[in-house]
Amino acid sequence: MSVLIIVFLTAVAALFSGVFEKGKFARYIGIFGLIIALYVSFLPEASFFERYRLMYEYGANTALFTKISIVTTLLLFFLGGFAFSNHRNHQSELYALMLFALCGGFVLFGFQNLVTLFIGVEILSIPLYVMAGANKTDLRSNEASLKYFLMGAFATGFLLLGIAFIYGSTGTFDLYRIQDFSTVNPKNGMLILGAVLMLCAMAFKVALAPFHMWSPDVYQGSPSLITAFMASVVKISGFFALFRVMTIGFSGITHEWIHILGVFLIITLLLANVMGLAQTNAKRMLAYSSVSHAGYIGLVFFGMNALSTYTLAFYLFAYSLATVGVFMCLIWVEKLKRETSYGAFKGLAKSEPLLAVVATISLLSMAGIPLTAGFMGKFSLFAQALSKDDNTFLVIVAVLGSAISIAYYLRLIIAMFFYKESSFKTTERVTITYNIVAVVIIASLVILGIFPDLFAKQFGL
């Protein structure tokens, strides 16, 4: 909870910095606050917060996912100076909203109570509705904000109805008491209905098909840095919340909901990858890529073992690093070309080779090519699911989806590297900050792909 308070105070400071110099110090305030929060996340939680343990617990798993989300947000803040260059008059609000959304993510990492879960979901979601519409003069951005808000409200209704059914059947909001009840009463119809409704609501938050409809339009219409935040930090928060509520609260009725989730994953893996092939816009392709990765991540529920939480954390971290790597390239191209079609990337490797390389390594990691962190993440998830014979078909579908994804990732790589002349007729060059972030991401994806155990050591495991 110490980390939550630090990030919240940082968000308030960043928001009020807009009074001075049009908020140009907001990014630096955010970076400073996130570095302090990252340091504190490695320290034992203060005993003062023990009294709140029934609502929020900062355990080992909470600390792990908190660190991952802070690192990812920190990388995005370093990219913000260039990405928000056309939001000079309200950049402080955007940085503050990102930090407030991150606070919602922290709540989702440690909730012990369904009321706390609901509060965390709303704290995470409401700033996103605003940030999606940050490009006020862009109709796509306006559409993204409205569509995200309406679909989010619809999903919130599912979540609240599910919580109501669960409370009606168990008489409690506490996650562990619900677990005890589900173990003793595995055939309780009201409990099962509540669990399925909550599964559908959280499936919306992580963009699992068929609840992904909002994702492509919202990702394309939102400012690119905000899209990167949605595809990384929001996905980390949503998936761990889904993992926590389903594997703890509803562990006694796993047989009742796991098959429904399996159907969601099969639809997601096939639909998202096929639709990704049909895209001509790189940003929209990355939206469907994000949906497909939700399908891969969902495999963590199948063949669960003692390392499942670690496997989930590793994959989410590898995917988030790759997402930041691709989007930093997309942000730069979008600024210069004012579009994100595949054609806009033609010849990028000749004018900005480092930017093209980080995007390529990131895309290869997303595709699960060996010697990248993404490969180790997918291998761990597939191996875990295959530990039970019942999951063989699901893994085959995941492998097929992963193979299809290589095709649309290669289209972007070919555009960047295999054109004789660069289409970037400009003297503007990538800043030193972007180059440093690019090197960090390249090194991280490759090193974690070769030495995955370093992840555990770096995050205090």
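Since this is a predicted model, take the numbers as computed values, not measurements.
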Does any N or O in the side chain of [X] come within less than 3.5 Å of the main-chain N or O of [Y], such that one atom is a donor and the other an acceptor?
X      : Y      : value
Thr62  : Phe109 : yes
Lys235 : Ser290 : yes
Ser292 : Leu269 : no
Tyr58  : Ser41  : yes
Ser92  : Ser17  : no
Ser402 : Val399 : no
Ser362 : Val358 : yes
Arg140 : Gln220 : no
Trp332 : Tyr434 : no
Gln112 : Asp174 : no

| field | More than 12 heavy atoms from other groups under 6.0 Å of OH on Tyr342 | value | yes
Return the minimal non-hydrogen interatomic distance between [X] and [Y], and the atom names on each side.
X      : Y      : value
Ser308 : Gln384 : OG-OE1, 3.1 Å
Leu394 : Gly262 : CD1-O, 4.0 Å
Phe100 : Ile123 : O-CG2, 3.4 Å
Leu76  : Ala228 : CD2-CB, 3.7 Å
Ile413 : Leu364 : CD1-CD2, 4.1 Å

Working to the nearest 0.5 Å, report the span between [atom1] of [X] and [atom2] of [Y].
X      : Y      : atom1 : atom2 : result
Ser182 : Ile166 : OG    : CD1   : 10.0 Å
Thr360 : Leu410 : OG1   : CG    : 9.5 Å
Ile297 : Phe240 : CD1   : CZ    : 13.5 Å
Asp217 : Met151 : CG    : CE    : 10.5 Å
Leu242 : Ser237 : CG    : OG    : 12.5 Å

| request: Starting from the C-alpha separation in whole Å, work towards a yes-or-no answer on ring-ring contact (aromatic ring centres under 6.0 Å, His included) for Phe211 and Phe264. | output: CA-CA 9 Å; Phe211 304 98; Phe264 288 172; 5.4 Å; yes
Give the ring-plane orientation class for [X] versus [Y], where under 30° counts as parallel, over 60° as perpendicular and anything between as tilted.
X      : Y      : result
Phe301 : Phe243 : tilted
Tyr319 : Tyr315 : parallel
Phe317 : Phe455 : tilted
Trp214 : Tyr219 : perpendicular

| said: Under the criterion ring-ring contact (aromatic ring centres under 6.0 Å, His included), I'd like the reasoning laid out for Phe106 against Tyr56: C-alpha separation, chi angles, the key distance, then a yes or no. | reply: CA-CA 10 Å; Phe106 291 162; Tyr56 179 87; 8.7 Å; no
| said: Taking the side chain as everything from C-beta on, heavy atoms only, tell me whether Leu117 gets closer than 4.5 Å to Leu108. | reply: yes
| field | Sole residue of Leu286, Val206, Leu208, Thr268 in side-chain contact (heavy atoms from CB on, under 4.5 Å) with Val291 | value | Thr268
| task | Decide ring-ring contact (aromatic ring centres under 6.0 Å, His included) for Phe158 and Phe204; before the verdict, give the C-alpha distance in whole Å, the side-chain angles of both, and the deciding distance to 0.1 Å. | result | CA-CA 10 Å; Phe158 270 69; Phe204 167 86; 9.5 Å; no
